[in-house]
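Here's the structure we're looking at; comments come further down.
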Amino acid sequence: MNIMKHLCAVLALILLPLGTTAQEHIEKAFADFLKMKGNTYSESHSKDSDPETLQKKGLLDIYSFEVNNWKPSMLDNIRKAFRQDSENAYKENWATRETMEGAIQRKIMYNDRDGIYIGQYPNYILLCFIDKEQKDYRYAYVVEWNDKDGKGRLIKTYAPLPQKTKTRTIVIPELPGNIPGSIDTLDLSSTSKNLHWLTEFDIYKKRIQDQPKGVATTFFATKIYDLCKRCDVLNETERHMVAEQINKLTPLTKDDMISTLFTSSIKMLTEK
C-alpha cells in the first residue's frame, strides 16, 4: 500500500506542467507579432558558446520590422506582455516620445565583450531577467518603435551579469540635428589606464564612422583631440596605432576644422 502511495506521488510530480520562464509572455508576444499579417521584417542572429561544454555564453537576436497599414495599437499585445513580465524583471526602462528629441541610446551587452545600442527609435521598453539555470547570466528583451511609420525592432540578448566593479560612465548628450545621445560604461576594475583610454577613444571613433559628415562630428573630433592631450598613458606602439586610426578618419569627414584637430592629435601622439 505504501509503495502504491509513493508511486502515485511520483507520477503526480511527473505529470505536473513544466515550469514557465519569467519572460514567457514576452516570448509569445514576440512570436505572435512576427507572424502578424502585413508585417515584414529582416533578422540577424549571433550566439557564443563554450567550445568544450557548448554552454551558452552570449546571444543576440534582432528583428527589424515594418508594418503595413500601421496603427500604434498593433503593439498593444507586446506592451501588455512587458507589463505582465515586469514583476519578474530585475531591471526595467521605458521611454516614450513624439520625436527623437531628447533621446538617449543605451548599450546592452550580448556577450562578455560586445553590445548593441538601443534607443534608435523614439519609443522603447527594456526588461532584464536573471537566467534561473545560470544565475550569473541574464536575458534582456527590447521593443523599440516609431508610432508614426510602424518601423522598429525586437531584440533579445543573453550575456553575463555586469560585475560589481568600479565604473565610469561616459554620457554623450543629444546633439544638433536630432543626433541621439548615448551612455557607455567603462570598467575601472583594471588598473590599466591605457585600456580605459583606448576604450573611450573607440567610442568616439565609432560615432564619427557612423556619421562622418553629421553636425555632431566636430563634437567627437574635439573629444579625440582632448584625449590625445592625455596620451601619456599609452606606450609607443599604442600611440602609433591610434594615430593610424585617426588618419583613416580624416578623409571621411572632409572638414577643414576637423582635419586640423586630427592633424594636431596625430602630432601629439607621434612626437612623444
Side-chain angles (χ1 to χ4, degrees), residues 10 12-35 41 43-65 77-95 105-120 124-144 152-170 182-192 195-196 199 202-203:
V10 170
L13 288 173
I14 293 174
L15 294 174
L16 280 174
L18 293 175
T20 55
T21 64
Q23 58 271 21
E24 61 170 326
H25 297 100
I26 296 175
E27 289 275 8
K28 184 178 185 305
F30 276 16
D32 290 345
F33 180 78
L34 293 173
K35 291 185 292 187
Y41 63 89
E43 57 187 289
S44 63
H45 307 274
S46 70
K47 180 181 176 181
D48 288 331
S49 301
D50 185 288
E52 294 183 359
T53 65
L54 297 183
Q55 188 174 28
K56 184 169 58 179
K57 297 295 184 182
L59 176 76
L60 173 63
D61 294 330
I62 305 175
Y63 300 90
S64 300
F65 63 82
N77 285 340
I78 287 183
R79 284 192 288 260
K80 180 182 177 181
F82 270 83
R83 290 191 181 95
Q84 288 175 309
D85 288 340
S86 63
E87 294 181 0
N88 300 315
Y90 74 88
K91 182 176 183 180
E92 178 178 355
N93 287 109
W94 295 64
Q105 292 188 347
R106 296 181 180 273
K107 189 177 184 180
I108 57 172
M109 304 304 289
Y110 57 87
N111 55 37
D112 60 354
R113 307 171 308 279
D114 307 306
I116 181 174
Y117 284 99
I118 64 171
Q120 295 186 10
Y124 77 83
I125 310 172
L126 162 68
L127 291 183
C128 296
F129 304 87
I130 299 294
D131 180 1
K132 293 180 180 179
E133 296 182 358
Q134 293 191 90
K135 294 187 181 297
D136 50 350
Y137 281 76
R138 65 98 183 103
Y139 287 96
Y141 291 82
V142 178
V143 55
E144 56 178 356
R153 296 191 300 177
L154 306 179
I155 301 171
K156 174 182 176 180
T157 77
Y158 184 78
L161 279 169
Q163 299 299 310
K164 294 181 179 180
T165 55
K166 186 178 179 181
T167 62
R168 181 164 75 86
T169 301
I170 299 176
S182 66
I183 298 177
D184 288 272
T185 302
L186 296 185
D187 181 358
L188 301 183
S189 58
S190 167
T191 57
S192 178
L195 179 60
H196 306 158
T199 302
D202 192 58
I203 291 170

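Positions are given from 1 along the sequence.
Under the rule for a side chain to side chain donor-acceptor pair (under 3.5 Å), the partners of Asp114 that lie at least two apart in sequence or sit in another chain are Asn111. In this structure Lys80 satisfies the salt bridge (Lys or Arg N to Asp or Glu O under 4.0 Å) test with no other residue, sequence neighbours excluded. Annotation: salt bridge (Lys or Arg N to Asp or Glu O under 4.0 Å) contacts of Glu27 (sequence neighbours excluded): Lys156.
When Ile78, Val142, Ile62 are each tested for a side-chain contact (heavy atoms from CB on, under 4.5 Å) with Leu154, only one passes: Ile78.
Of the inter-residue distances, the one linking Lys135 atom NZ with Glu133 atom CD reads 9.5 Å to the nearest 0.5 angstrom. A distance of 8.0 Å separates OG of Ser44 from CG of Asp61, quoted to the nearest 0.5 Å. Here Ile155 contributes atom CD1 and Ile116 contributes atom CD1; the two are 4.5 Å apart, rounded to the nearest 0.5 Å. To the nearest 0.5 Å, atom CG of residue Leu126 and atom CD1 of residue Ile108 are 6.0 Å apart.
Looking at every heavy atom in both residues, Leu127 comes nearest to Asp85 through CD1-C, 4.3 Å. The heavy-atom pair separating Lys57 from Tyr137 by the smallest distance is CD-OH, 2.9 Å. The heavy-atom pair separating Trp94 from Arg83 by the smallest distance is CH2-CG, 3.7 Å. For the residue pair His25 and Ala81, the shortest heavy atom distance occurs at O-CB, 3.4 Å. When all heavy atoms of Phe129 and Asn88 are compared, the pair lying nearest together is CD2-O, 3.6 Å. Tyr41 and Leu34 make their closest contact through CE2-O, 3.4 Å (heavy atoms, listed as atom of the first residue, atom of the second, distance).
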Decide ring pair (Phe, Tyr, Trp, His ring centres under 6.0 Å) for Tyr63 and Phe30; before the verdict, give the C-alpha distance in whole Å, the side-chain angles of both, and the deciding distance to 0.1 Å. CA-CA 10 Å; Tyr63 300 90; Phe30 276 16; 7.7 Å; no
Tell me, with the steps shown, if Ile26 and Tyr139 meet side-chain contact (heavy atoms from CB on, under 4.5 Å). CA-CA 12 Å; Ile26 296 175; Tyr139 287 96; over 6 Å; no
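Asp48 places none of its side-chain heavy atoms less than 4.5 Å from the side chain of Tyr158. At least one side-chain heavy atom of Thr157 sits less than 4.5 Å from a side-chain heavy atom of Arg138.
At least one donor-acceptor pair under 3.5 Å links the side chain of Glu144 to the backbone N or O of Gln120.
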